[in-house]
Each structure stands twice: as structure tokens, then as C-alpha cells.
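Both ligands and their constituent atoms are indexed starting at 1 by order of listing. Note: hydrogens, waters and symmetry copies are ignored here, and every other heavy atom, side chains too, is used. Residues take their numbers from the sequence shown, with the count starting at 1.
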Amino acid sequence: MREIHTDQLRDTVARLCIEACHLLPDSQVKGFQRAVETEVSPQGRTVLMKLIENDRIARENDVSYCHDTGLTVVYVEVGQDVHMRGGDYEAAVQEGVRKGYAEGYMRKSVVSDPLLRVNSNDNTPAVVHTGIVPGSQVRVTVLPKGGGSENWSTMKFLLPGEGAEGVKRFVLGAIEAAGGAACPPLTIGVGIGGSFDKVTAIAKQAILRDIGQHHPLPHIAQLEAELLESINRTGIGPQGYGGSTTALWVAVETYACHITALPVAVNIQCHANRRASAVI
Ligand code: SF4
């Protein structure tokens, strides 16, 4: 049994919060650079170049890529041969978020009560997903989720007979409804199958995939490619200024489901497609 102190977990979460908010993943920046080459609209190209410049400024000055540093979503995969010592596990994760958002000078974007709307002033509580996996390591992923894109995410139970075409109609409708308000170019996570809770969980997990990383099943990879093509034909374009780059990537995750159901969820991620991971 390997022992890991909760202080190490706290400090890892804190470091990842700063890294995620300040540094876009390389695959995202490369996605912008490729899109500059293919974007048909001059305004769209200008926006993409501004996003590349924005990333450079954030890196050089060690500041947040976007003022909206999000509701913090933390995924922790705990090896079943790990013993966590030193204190309460969930409290350590929340303390890491508190520490990271203070030390990284990130905006505090969380209200403690959804109706009373009082800012918690430390970006907690984070949404924490914990899974038990084989092994003796702990993998931590921090995903700061911006409000402007999350607000356009949606789910629906389709009739099973609506099939892949129904899924495409629903996803496209969600993207058209969002227009420029979700801060495109987008990465779109689509969940298909599971239950009411599972389908939204896998849609969010899908946005953790790098641009260019297709689903291993050929029919799902084809659905991803077809969705990306039709979304980029909407003409919404970078930041809604028009153009051929409404999305950089579509990632679909699936799960088994009930014989009467075809649940679909769309989790929309903006151009601030931030995440950072570490293994303890
Ligand atoms: S939706 Fe994304 S890009 Fe837009 S303000 Fe929020 S974090 Fe920033």
C-alpha cells in the first residue's frame, strides 16, 4: 500500500489550477494556428490571430488566458493501492483550489448559493469527480469551465429510432442556438447513452480529449467528423464574426443505455479550452 499525504494532493491541485488557467494546452494553440490557414473569412482569421497573441501574452506575463477562470472541475483517479493520510480527502482538493486561485491571481467566479448569489471569494467549492482505478498512483486533472460556454450546454432524451441522424440534428441545434455567445471556436463534447446523469458526465469527459484524437470505434469517429463538418458549415465563425471555424473539434463518448432511451448531451467548451493533469 503506497501512502500519499493530503498536502501533496492539495499542492498538486493548486499548481494545476494555475497551470490550466495560465497556459492553454499545446494542441489548442496548434488548433488555432491550423485554423488560421483554413479560415475563409478575413474577420475570422483576425480573431484567430488575436487568440494566438492572447495566449502568447498570457504565457509571457504568467497571467490568465481569459478573465473567466471558471467553475473548477477536478477529476481524481485514485489507485486502489493508495492510502491517503493527513486529513480529509475532499477538503484537501478544495483547499488546493482555494490556494491555486489565490496564488495565481485568478478571478473568483463561484457563488456559494445559486439563488442568494454571494461570491465564495475563493472559487470553491469545486466540482470533484473521484474514481477508483487499479494501481498505486493518483492522477489529477483540473478543468476550469467558463460560464459563457457551459450555459449553452444541453441534454435531451431522443427516441431510439431517431438514431445518429437525430443526434446530429440535436447537436447542430445546440450550436446554432449558442451562436457567438459560447465564445467559438469551440470544442464540443457529446455524450450518447447511459442515464440522465451519466450522459452529461461523459459529454464533459469528452472535452478533455486533445484536438485530433478521434474515438477508437470507426462509426463514432465518423460521427465526430460529420458533426465537425456540419458545425463548421453554420458560418458562425470565430467569436461569432462569421467564418468556417466554429469548432476546432468534436469528441463523442458513448455508454450502454436502456432499450427505450437514446439520451444525448452536448457540453460546449469555448476557445479557452483549458485543462492540466499530473500524476502523483
Ligand atoms: S466562455 Fe470561455 S472564452 Fe468566453 S469568457 Fe468564459 S472562459 Fe472566456
Side-chain angles (χ1 to χ4, degrees), residues 16-33 35-36 39 43-59 61-74 97 100-101 104-111 114 117 119-120 123-124 126-127 141-154 174-190 200 203-204 206-211 231 234 236-243 245-251 265-276:
L16 292 176
C17 286
I18 299 170
E19 194 180 314
C21 287
H22 289 198
L23 304 170
L24 278 188
D26 285 349
S27 63
Q28 182 70 9
V29 183
K30 285 187 182 130
F32 294 153
Q33 288 163 344
V36 171
E39 174 55 59
Q43 296 95 320
R45 279 198 299 278
T46 302
V47 171
L48 290 164
M49 287 188 288
K50 292 275 180 214
L51 298 182
I52 293 167
E53 190 188 356
N54 189 52
D55 169 70
R56 179 188 61 75
I57 292 168
R59 274 169 206 277
N61 296 282
D62 202 14
V63 294
S64 297
Y65 169 84
C66 182
H67 68 284
D68 177 0
T69 45
L71 172 64
T72 315
V73 182
V74 186
V97 172
Y101 274 68
Y105 301 102
M106 277 98 78
R107 190 184 80 178
K108 316 304 182 291
S109 307
V110 175
V111 291
R117 313 299 299 178
N119 198 304
S120 65
N123 227 62
T124 69
V127 175
T141 299
V142 169
L143 166 68
K145 191 66 184 67
S149 51
E150 189 78 348
N151 287 345
W152 291 96
S153 301
T154 182
I175 303 307
E176 283 171 338
C183 296
L186 310 170
T187 293
I188 297 145
V190 180
T200 53
K204 178 154 260 92
I207 62 173
L208 293 171
R209 253 200 260 150
D210 272 340
I211 291 172
I231 287 164
T234 58
I236 296 165
Q239 286 289 40
Y241 281 89
T245 318
T246 302
L248 294 176
W249 198 243
V250 178
V266 184
N267 193 204
I268 299 180
Q269 175 64 303
C270 54
H271 63 76
N273 184 11
R274 303 158 291 189
R275 65 222 183 257

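Sorted by chain and number, the protein atoms of type N, O or S within less than 2.8 Å of atom 8 (Fe) of ligand 1 are C66 SG.
In terms of the side-chain contact (heavy atoms from CB on, under 4.5 Å) criterion, residue partners of T141 (sequence neighbours excluded) are, by chain and number, Y75, R139, L208, S277. Checked against ring pair (Phe, Tyr, Trp, His ring centres under 6.0 Å), Y65 has the following partners two or more places apart in sequence or in another chain: H271. Under the rule for a side-chain contact (heavy atoms from CB on, under 4.5 Å), the partners of I211 that lie at least two apart in sequence or sit in another chain are Q28, R34, L248, W249.
Residues Y241 and T46 have side chains that never bring a donor and an acceptor to within less than 3.5 angstrom of each other. Checked by atom type, the side-chain pair N267/K204 shows a donor-acceptor distance below 3.5 Å.
With rounding to the nearest 0.5 angstrom, the CD atom of E176 is 6.5 Å from the OG1 atom of T234. Taken to the nearest 0.5 Å, the CZ atom of R274 stands 14.5 Å off from the CG atom of L16.
If you look at E150 next to ligand 1, there are no close heavy atoms at all, none under 4.0 Å.
Near R274, with a cut-off below 4.0 Å to any heavy atom, the atoms of ligand 1 are 7 (S).
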